[in-house]
Amino acid sequence: QVQLVESGGGLVQAGGSLRLSCVVSGSIFSINNMGWYRQAPGKQRELVAAITSGGSTNYADSVKGRFTISRDNPKNTLYLRMNSLKPEDTAVYYCNADVWGKAYSSGYLQYWGQGTQVTVSS
């Protein structure tokens with residue numbers, strides 16, 4: 001069974017930094033695109049950053065220049081380094097990945113982690 005587990009969230013003061021991690025586990029053939037999404041109470045889930053299997057990245061305008069997405073393919077791990085955090089960054093952050101699990105031979109399926117809470121105080 002493919003699972004995505006996020007970690008690294010917590011409470012931080014404005015201007016501080018956090019690094020989120022997402023480990024993809026299970027019987028995996030391949031991982032294609034990966035990304036971080038976030039959702040604040042009463043708001044829609046939004047894309048924060050995405051990264052392809054080749055390392056190409058894309059960021060939401062609100063985090064560009066402050067956040068850095070990266071991946072360690074041999075470890076099946078996704079990271080999000082968040083610097084200069086603002087109260088507006090407060091949300092539950094979700095890991096997303098297109099995973100070709102060995103139990104599903106037809107191709108990639110999209111998986112989500114359980115989310116990790118990031119709270120930025122002023």
| task | Report the C-alpha separation of N76 and R71 in whole Å, then their side-chain angles, then the decisive distance to 0.1 Å, and conclude whether the side chain to side chain contact (heavy atoms under 4.5 Å, CB included) test is met. | result | CA-CA 8 Å; N76 293 332; R71 61 194 288 172; over 6 Å; no

| request: Sequence neighbours left out, what passes salt bridge (charged side-chain N to carboxylate O under 4.0 Å, His left out) with R66? Give chain and number order. | output: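 Applying salt bridge (charged side-chain N to carboxylate O under 4.0 Å, His left out) to R66 gives D89.
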
| message | Just to verify, what does E46 make a salt bridge (charged side-chain N to carboxylate O under 4.0 Å, His left out) with, not counting sequence neighbours? | response | R38

| query | Is Q110 atom CD crowded by more than 12 heavy atoms from other residues, nucleotides or ligands, each under 6.0 Å away? | reply | yes

| message | Show me the pairs that pass ring-ring contact (aromatic ring centres under 6.0 Å, His included) and involve residues 43-79, at least two apart or across chains. | response |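 The answer is none; no pair qualifies.
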
| Donor-acceptor contact present, side-chain T77 to main-chain K75, <3.5 Å | yes

Return all side-chain donor-acceptor pairs below 3.5 angstrom for residues 50-57, not counting sequence neighbours, or 'none' if the list is empty.
from, atom 1, to, atom 2, distance (Å)
T52, OG1, G54, N, 3.3
T52, OG1, G55, N, 3.3
T52, OG1, S56, N, 3.1

Donor-acceptor contacts, no H, no angles, side chain residues 111-122, under 3.5 Å, sequence neighbours left out:
from, atom 1, to, atom 2, distance (Å)
Q114, NE2, E6, O, 3.3
Q114, NE2, E6, OE1, 3.2
T116, OG1, G9, N, 3.3
Q117, NE2, A91, O, 3.4
Q117, NE2, T119, OG1, 3.3

| query | Taking only residues two or more places apart in sequence or in another chain, which ones pass side-chain hydrogen bond (donor to acceptor under 3.5 Å, both in side chains) with S7? | reply |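 Result, side-chain hydrogen bond (donor to acceptor under 3.5 Å, both in side chains) vs S7: none returned.
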
| field | In one Ile/Leu/Val/Met/Phe/Trp/Tyr side-chain cluster, 4.5 Å: V12, V48 | value | yes

| Worked check of side chain to side chain contact (heavy atoms under 4.5 Å, CB included) between W36 and L20 | CA-CA 9 Å; W36 289 98; L20 306 183; 3.7 Å; yes

| said: With side chain to side chain contact (heavy atoms under 4.5 Å, CB included) as the criterion, how do I28 and V99 come out once you've worked through the C-alpha distance, each side chain's angles and the decisive distance to 0.1 Å? | reply: CA-CA 7 Å; I28 298 166; V99 182; 3.9 Å; yes

